[in-house]
2 protein chains.
Amino acid sequence: MTNTVISSASREVVIGFDRPFVMIGERINPTGRKLLAEEMKAGDFSRVEADAIAQVAGGAHMLDVNAGIPLADEPALLARAIQLVQAITDVPLSIDSSIIAALEAGLAVYQGKPLVNSVTGEDEVLERVLPLVAKYGAAVVAISNDETGISMDPDVRYAVAKKIVERAADHGIPYSDIVVDPLVMPIGALGQAGQQAFKLIRRLRDELKVNTTCGAGNVSFGLPNRQVITGTFLAMAIGAGMTSAITNPLHAEIKSAVMAADVLSGNDGDCAAWIKANRDPNAGGADREARDARRRRRPAGQ
Amino acid sequence: MTNTVISSASREVVIGFDRPFVMIGERINPTGRKLLAEEMKAGDFSRVEADAIAQVAGGAHMLDVNAGIPLADEPALLARAIQLVQAITDVPLSIDSSIIAALEAGLAVYQGKPLVNSVTGEDEVLERVLPLVAKYGAAVVAISNDETGISMDPDVRYAVAKKIVERAADHGIPYSDIVVDPLVMPIGALGQAGQQAFKLIRRLRDELKVNTTCGAGNVSFGLPNRQVITGTFLAMAIGAGMTSAITNPLHAEIKSAVMAADVLSGNDGDCAAWIKANRDPNAGGADREARDARRRRRPAGQ
């Protein structure tokens with residue numbers, strides 16, 4: 001039973017075994033969103049704010065914030081985005097960058113205990129990111145690849161995760177503050193991607209006792225009707241023991257699959273959240289909530 | 001790797017580890033369908049035929065046929081229903097009755113190797129049903145309850161399943177011809193029903209090496225937006241190793257969850273079935289197929 005506590009100035013979220021699954025909203029990320037990237041670079045954060053509000057209204061328990069824009073001052077942009085999002089929502093954030101200076105800038109302005117996204121298994125990355133995580137008392141996403149890249153062998157990926165957990169302990173970071181991303185490949189390219197992920201998630205939970213997360217959308221890359229594949233993947237991953245994911249709660253299929261999986265895992269006590277979300281039997285329940293959230297979001301553009 | 005082969009006169013279906021999930025259409029069952037019960041009792045099987053055609057068009061790999069109508073001549077009705085369904089479809093059938101004389105009447109007219117649904121762990125039932133299964137060379141659904149009722153302890157249910165497999169062996173029926181139903185309780189009444197089922201399914205597969213099935217709809221009994229709960233349950237059960245279910249492929253959420261789970265289990269080679277069903281990105285794919293099947297079915301009544 002491992003609990004990873006993340007917080008904003010006023011709210012705590014627990015990623016944990018035997019708890020409702022934590023959805024981390026993925027939308028605040030300029031990768032592949034040209035308009036958002038241009039706006040952020042020009043200092044216009046209106047879409048970031050709209051995405052934050054819409055995702056929280058849609059059911060996100062946390063938000064991922066990424067400002068990875070080529071040739072931009074990423075540390076400054078990330079810090080600004082974090083401050084703005086924290087000013088208008090109270091959910092805890094995941095500070096997302098592959099640039100260590102940007103992680104540090106984000107940590108410096110963050111109110112509460114954030115999730116740092118991410119550290120990989122390369123020695124050089126570990127030795128730069130882990131001291132930051134320790135200094136700010138944050139939690140961290142550990143991605144199970146290293147100098148040799150992403151191994152196709154789940155045992156190697158498990159070993160990399162184990163190495164990160166051990167190295168973190170040397171910096172005083174407990175395993176309960178590490179959320180491992182097993183790295184989920186697109187199922188359309190690698191037919192064993194699902195089974196590999198489920199097996200690794202189960203092992204990370206049973207043997208390494210850590211919480212887990214992933215960028216869920218990657219699994220359905222290139223396939224038609226993606227949201228059903230992503231939502232079904234999340235349900236099966238929850239069955240295998242996954243406790244959080246970076247995903248889009250505004251997709252009705254994803255949100256309803258996660259909520260149903262919480263019911264079926266016994267983590268939605270008395271099915272209360274399910275019944276509340278589906279109160280009107282003619283309304284489509286969780287589907288309607290997500291649809292409403294999309295509508296609320298529309299005036300802000302995209 | 002266990003394969004259970006079921007057949008009609010012209011077609012074989014294999015329920016097996018590492019194979020696409022087998023959906024057994026549940027609709028031909030007068031329980032709770034007053035109009036169907038009245039018609040069947042009066043010798044009108046038009047709705048049985050329409051349900052058979054619609055379910056096969058909707059993606060059922062097999063059909064369950066039940067004629068359990070109070071105060072009716074169930075053996076005669078079941079035999080007649082089986083003959084009619086076999087005359088208009090070529091999918092293998094599950095012969096479903098709690099009355100042994102009805103099972104025997106169904107077996108006597110069936111063309112091919114059917115699935116007998118079901119045998120329970122009571123000694124008296126075992127000693128009457130297993131000889132029939134052996135005589136006709138059928139496969140059989142083993143329901144894991146016995147004289148003491150349905151145990152809430154998954155270990156007891158496992159023990160009952162094991163007893164049935166052992167007793168069947170005494171009658172020359174191999175474990176590969178036994179498909180165990182772990183008995184899934186309504187999650188709204190028992191919050192641990194999902195976890196219990198997943199654990200038992202995994203154990204039945206890993207230790208007893210048998211295929212598994214269940215009446216999937218029971219899990220969502222009493223809850224709103226039932227089809228999403230049932231579909232998500234099936235996906236999670238497939239993740240745990242379940243290989244077939246008696247369910248309704250005409251519900252879009254159920255069919256798409258099963259198809260997505262096949263993709264994610266690596267049992268839909270090159271995602272071919274998924275891509276085919278979702279070919280037109282604007283059409284809703286599997287959803288549309290199921291909708292069309294419902295439309296085709298509508299003129300026949302209900």
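Each chain gets a letter, A, B and so on, in the order the sequences are listed, and its residues count up from 1.
- No other option in B:Ala257, B:Gly266, B:Ser265 has as many heavy-atom pairs under 4.5 Å with chain A as B:Ser265.
- For chain A, the nearby parts of B:Ala235 are the backbone and the side chain; heavy atoms of each come within less than 4.5 Å.
- Taking chain A as the reference chain and counting heavy-atom pairs below 4.5 Å, the highest number among B:Gly194, B:Gly191, B:Gly239, B:Ala261 is found for B:Ala261.
- If you measure heavy-atom distances from A:Arg202 to chain B, the contacts under 4.5 Å come from the side chain alone.
- From B:Cys271, atom SG reaches atom CG of A:Leu223 across 4.5 Å, with rounding to the nearest 0.5 Å.
- Of the inter-residue distances, the one linking A:Leu264 atom CG with B:Gln192 atom CD reads 11.5 Å to the nearest 0.5 angstrom.
- Note that OG1 of A:Thr232 is 11.5 Å distant from CE of B:Met236, once rounded to the nearest 0.5 Å.
- Within 6.0 Å of atom CG in B:Asp270, 12 or fewer heavy atoms from other residues, nucleotides or ligands are found, so the atom counts as exposed in its surroundings.
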| query | Taking it one step at a time, do A:Val263 and B:Phe233 satisfy side chain to side chain contact (heavy atoms under 4.5 Å, CB included)? | reply | CA-CA 9 Å; A:Val263 168; B:Phe233 168 76; over 6 Å; no

**Message:** Show, in sequence, the C-alpha distance, side-chain angles and deciding distance for B:Trp274 and A:Val228, and conclude whether the side chain to side chain contact (heavy atoms under 4.5 Å, CB included) test is met.
**Reply:** CA-CA 11 Å; B:Trp274 182 262; A:Val228 174; 3.6 Å; yes

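- Looking at A:Ala193, neither its backbone nor its side chain comes within 4.5 Å of chain B, counting heavy atoms on both sides.
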Query raised in the report: B:Ser256 and A:Glu253: side chain to side chain contact (heavy atoms under 4.5 Å, CB included), yes or no, with the steps?
Result: CA-CA 11 Å; B:Ser256 63; A:Glu253 298 91 341; over 6 Å; no

